[in-house]
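Okay, so here's the structure we're looking at.
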Amino acid sequence: MTGVPGDDAGVADAARDIAEVGAVELITTVSVHLLSAAALRCGLAEEGEDLKDLDEARTIINALAGLVTAAAPDLGDTHARVLRDGLRSVQLAFREASVVPDRPGDGPGEKYTGAVT
């Protein structure tokens, strides 16, 4: 992307860059970023406890679950399955990291995915 913030040419270049990305690729990329952020906030990074923030993780996992659930029919089975597996992994990591676990069905994203055990 060229240009500086506030530069009309830079904004136009950014819009063209985004327009060239297909919907499935965009949704998948955003989902991977959300998965990575959720994993960090669940304490799964090398830094572990330093980056752990379960309140933030809950919010990210809820957003990811909503996105994956809503987009799954358009993503196709291959992409959706991989994202659902990743989502389930961070949901389980959240459950393990919680001092007081949520009841089944009340964990982050579970209103979209159903209970994760």
Side-chain angles (χ1 to χ4, degrees):
M1 180 165 53
T2 61
V4 293
D7 179 14
D8 289 339
V11 172
D13 288 345
R16 274 192 297 278
D17 290 346
I18 291 171
E20 292 174 6
V21 178
V24 170
E25 183 180 350
L26 181 61
I27 293 166
T28 302
T29 300
V30 169
S31 297
V32 169
H33 285 292
L34 290 171
L35 278 168
S36 297
L40 290 172
R41 299 298 188 187
C42 286
L44 298 178
E46 285 183 25
E47 296 84 3
E49 293 296 317
D50 292 341
L51 300 176
K52 187 174 174 181
D53 184 335
L54 294 181
D55 288 337
E56 289 286 310
R58 180 182 297 277
T59 300
I60 295 166
I61 294 169
N62 279 328
L64 176 62
L67 175 60
V68 170
T69 301
D74 297 314
L75 295 177
D77 187 55
T78 303
H79 293 291
R81 187 178 330 117
V82 171
L83 294 176
R84 280 191 203 107
D85 289 347
L87 172 58
R88 183 175 186 276
S89 294
V90 293
Q91 286 174 307
L92 290 172
F94 182 94
R95 186 172 295 284
E96 288 178 19
S98 297
V99 176
V100 179
D102 295 312
R103 293 183 319 219
D106 289 341
E110 291 183 351
K111 71 179 179 182
Y112 303 109
T113 64
V116 175
T117 56

> Are V68 and L26 linked, directly or through other ILVMFWY residues, by side chains that come within less than 4.5 angstrom of each other?
Replying inline: yes
>> I'd like to know if the side chain of E110 reaches the main chain of P104, judged simply by a donor and an acceptor atom lying under 3.5 Å from each other, with no hydrogens or angles considered.
In response: no
> Could you go step by step and tell me if T113 and R88 meet the side chain to side chain contact (heavy atoms under 4.5 Å, CB included) rule?
Replying inline: CA-CA 9 Å; T113 64; R88 183 175 186 276; over 6 Å; no
>> Please tell me whether V90 and I27 are part of a single hydrophobic cluster in this structure, the criterion being side-chain heavy atoms less than 4.5 Å apart.
In response: yes
> Stepwise, does the side chain to side chain contact (heavy atoms under 4.5 Å, CB included) test hold for D102 with R58?
Replying inline: CA-CA 11 Å; D102 295 312; R58 180 182 297 277; 2.8 Å; yes
> Which heavy atom of G109 sits nearest a heavy atom of N62, and at what distance?
Replying inline: N-OD1, 2.6 Å
> Nearest 0.5 Å, what's the CG-CD distance between L40 and E47?
Replying inline: 7.5 Å
> Below 4.5 Å, heavy atoms only, C-beta onward: do I61 and C42 meet side chain to side chain?
Replying inline: yes
> Got V24 and D74 here, is their nearest side-chain heavy-atom distance under 4.5 Å?
Replying inline: no
>> Applying a strict under-4.5 Å side-chain criterion to I, L, V, M, F, W and Y, I'd like to know whether F94 and L34 cluster together.
In response: yes
>> Testing the basics here: between A115 and G105, what is the closest heavy-atom pair and its distance to 0.1 Å?
In response: CB-N, 3.6 Å
>> Please give me the minimum heavy-atom distance between L51 and A45, naming the atom from each residue.
In response: CD1-CB, 4.0 Å
> How many angstroms lie between CG in L67 and CG in L83, if you round to the nearest 0.5 Å?
Replying inline: 8.0 Å
> So how far is it from Y112 OH to Q91 CD, rounded to the nearest 0.5 Å?
Replying inline: 12.0 Å
>> Can you tell me which residue among L75, L64, L87 is in a side-chain contact (heavy atoms from CB on, under 4.5 Å) with S31?
In response: L64
>> Checking the side chain of D53 only, and the main-chain atoms of R41 only, is there a donor and an acceptor separated by less than 3.5 Å?
In response: no
>> If I compare all heavy atoms of S98 with all of L54, which pair ends up nearest, and what's the gap?
In response: CA-CD1, 3.8 Å
> Are L44 and L92 connected, step by step, through hydrophobic side chains (Ile, Leu, Val, Met, Phe, Trp, Tyr) whose heavy atoms are closer than 4.5 Å?
Replying inline: no
> How far apart are the closest heavy atoms of R95 and P101, and which atoms are they?
Replying inline: NH1-CB, 4.3 Å
>> If I compare all heavy atoms of D106 with all of R103, which pair ends up nearest, and what's the gap?
In response: OD2-NH2, 2.7 Å
